[in-house]
Amino acid sequence: AVVSTQSGHYGREHTLWVGTQDARLLVYQMSDPSSTLLERDMEKDLGSAGPVICISHIEDSVFVGTSEGYIHVFTRDVSVNEWCDNEPLSKKLGNNSICT
């Protein structure tokens, strides 16, 4: 799953969010795709099981859905225009895949 944002973290640049089959979430700065801004192991860091299968960007939030029914919501602090990546809202909505 892949999504890009219009403005982002660390330097207020555009970002690219990538979810992997091994339950990792990677965020890259579009102006320098060789540097990873954020790398989260969704199972280890957030207790989420299963691959990331869906990512959606809506206004100041990024929604990350997994194959095991978890959804994680990352929000942007609009006062500084940075993503709040330390503590996303995380919920298990059921046992089926979460996809938008």
Side-chain angles (χ1 to χ4, degrees):
V2 177
V3 71
S4 64
T5 65
Q6 294 179 355
S7 60
H9 202 333
Y10 307 107
R12 300 180 178 98
E13 298 285 335
H14 294 265
T15 55
L16 176 70
W17 296 60
V18 179
T20 68
Q21 289 293 317
D22 62 352
R24 290 186 307 138
L25 179 65
L26 308 167
V27 180
Y28 299 96
Q29 185 170 315
M30 296 287 277
S31 63
D32 183 11
S34 65
S35 69
T36 307
L37 299 177
L38 171 68
E39 184 171 351
R40 298 289 294 264
D41 181 324
M42 302 296 279
E43 290 182 269
K44 180 181 171 191
D45 296 345
L46 301 175
S48 172
V52 174
I53 59 166
C54 185
I55 304 174
S56 293
H57 173 237
I58 301 171
E59 295 191 19
D60 293 319
S61 299
V62 172
F63 300 83
V64 178
T66 73
S67 66
E68 300 296 324
Y70 285 89
I71 189 161
H72 306 284
V73 182
F74 295 82
T75 57
R76 186 186 348 244
D77 181 344
V78 292
S79 67
V80 292
N81 200 30
E82 291 184 354
W83 290 101
C84 304
D85 58 10
N86 290 332
E87 294 187 33
L89 171 66
S90 300
K91 296 284 182 186
K92 182 164 176 70
L93 300 180
N95 294 322
N96 298 323
S97 297
I98 301 295
C99 192
T100 59

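Not measured: the values here are computed from a predicted model.
- Closest approach of V73 and S61 over heavy atoms only: CG1-CB, 4.2 Å.
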Checklist entry - Is there a side chain to side chain contact (heavy atoms under 4.5 Å, CB included) between V64 and V52 once you walk through the steps? => result CA-CA 7 Å; V64 178; V52 174; 3.6 Å; yes
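- Taking both residues in full, the closest heavy atoms of S67 and G50 are given as OG-CA, 3.5 Å, listed atom of the first, atom of the second, then distance.
- Residues I58 and F63 form a side-chain contact, since some pair of their non-hydrogen atoms from C-beta on lies under 4.5 Å apart.
- Between the CG atom of L89 and the NE2 atom of H72 there is a distance of 9.5 Å, given to the nearest 0.5 Å.
- A distance of 8.5 Å separates OG1 in T75 from CG in D60, rounded to the nearest 0.5 Å.
- Atom NZ of K91 sits in a sparse spot, with 12 or fewer heavy atoms from other residues, nucleotides or ligands closer than 6.0 Å.
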Next on the checklist: Between L16 and V27, does the side chain to side chain contact (heavy atoms under 4.5 Å, CB included) criterion hold? Intermediate values first, please.
Outcome noted: CA-CA 6 Å; L16 176 70; V27 180; over 6 Å; no
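- Here the options are T66, I55, V18, V62, the test is side-chain contact (heavy atoms from CB on, under 4.5 Å), and the partner is L25; only I55 passes.
- R24 is linked by a salt bridge (charged side-chain N to carboxylate O under 4.0 Å, His left out) to D22, E39, counting only residues two or more places apart in sequence or in another chain.
- Panel note: side chain H57, backbone E59; a donor-acceptor pair is recorded below 3.5 Å.
- Ring centroid separation for the pair F74 and W17 comes in under the 6.0 Å cut-off.
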